[in-house]
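The figures here come from the full heavy-atom set of this structure, side chains too, leaving out hydrogens, waters and symmetry mates.
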Amino acid sequence: MNQAERITHMEALLDGASEALAALEQALDRYAAVREGLAELEAYYSGGQWSRDYDDDSAGRIPRDLKRGVLSEDAVYDLLADHDRLRGRMKELGKD
C-alpha cells in the first residue's frame, strides 16, 4: 500500500469510527433514559399484574381500542431477553 492509499484507508477508518461512536453515544443516552422504565416493565411482567391484565384482555374486559401490545404473549418477554443479551454484550465489549 502506498502512502496515498494508506492515508485514504486510515481516513475511511477515522470517518467510520467517528460515525459509529457518535451513534453509540446517542444510543447510550437513549438507553440511559429508558433504563428505569425497563425495570418497571420487568416488575410489571414478573409480578403478576401482567397476567391479570392479560387474562382480563382475553376475557374482553379491556377496551379493544386501547393500545395494548404490552399484553401480547411475547413482546415484553422478548424485549427483556434482548435487554439481557445486550447487557452481556456491552460487558464483553467493555473488557477490551
Can you check salt bridge (Lys or Arg N to Asp or Glu O under 4.0 Å) on D82 and R85, steps first, answer last? CA-CA 5 Å; D82 287 346; R85 179 182 53 79; 3.7 Å; yes
Show your reasoning for whether side chain to side chain contact (heavy atoms under 4.5 Å, CB included) applies to E25 and L21. CA-CA 6 Å; E25 181 94 33; L21 290 176; over 6 Å; no
Using the rule given for side chain to side chain contact (heavy atoms under 4.5 Å, CB included), can you reason through L71 versus V76, listing the C-alpha separation, both sets of side-chain angles and the distance that settles it, and then say yes or no? CA-CA 8 Å; L71 298 179; V76 178; over 6 Å; no
Could you go through the salt bridge (Lys or Arg N to Asp or Glu O under 4.0 Å) check for D57 and R64 one step at a time? CA-CA 9 Å; D57 186 43; R64 290 288 165 208; 3.6 Å; yes
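- Checked by atom type and distance alone, the side chain of E5 pairs as donor or acceptor with a backbone atom of N2 at under 3.5 Å.
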Side chain to side chain contact (heavy atoms under 4.5 Å, CB included) assessment of H83 paired with Y31: CA-CA 10 Å; H83 181 235; Y31 173 68; 2.8 Å; yes
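- Hydrophobic clustering of Ile, Leu, Val, Met, Phe, Trp and Tyr side chains at less than 4.5 Å, counting indirect connections, unites L24 with M90.
- Linking ILVMFWY side-chain heavy atoms closer than 4.5 Å, directly or via other members, places L38 and Y44 in a single hydrophobic cluster.
- The shortest non-hydrogen separation linking G69 to A75 is O-CB, 3.6 Å.
- Within 6.0 Å of the CZ atom in R35, the count of heavy atoms belonging to other residues, nucleotides or ligands does not exceed 12.
- Residues passing the side chain to side chain donor-acceptor pair (under 3.5 Å) test with Y77: none are found, sequence neighbours excluded.
- Taken from CG in L14 to NE2 in H9, the straight-line distance is 11.5 Å, to the nearest 0.5 Å.
- Interatomic distance, CG of D53 versus OH of Y45, reported as 13.0 Å (0.5 Å rounding).
- Summarising the local packing, CD of E40 is surrounded by 12 or fewer heavy atoms from other residues, nucleotides or ligands at distances under 6.0 Å.
- Not a single donor-acceptor pair under 3.5 Å links the side chain of R89 to the backbone N or O of R87.
- The main-chain N or O of V70 is found under 3.5 Å from a side-chain atom of W50 such that the two form a donor-acceptor pair.
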Could you go through I7 and Q3, starting from their C-alpha distance and side-chain angles, then the distance that decides it, and tell me whether this counts as side chain to side chain contact (heavy atoms under 4.5 Å, CB included)? CA-CA 6 Å; I7 291 169; Q3 186 178 39; 3.8 Å; yes
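- Within the 4.5 Å cutoff, the side chain of R30 has no heavy atoms near those of the V34 side chain.
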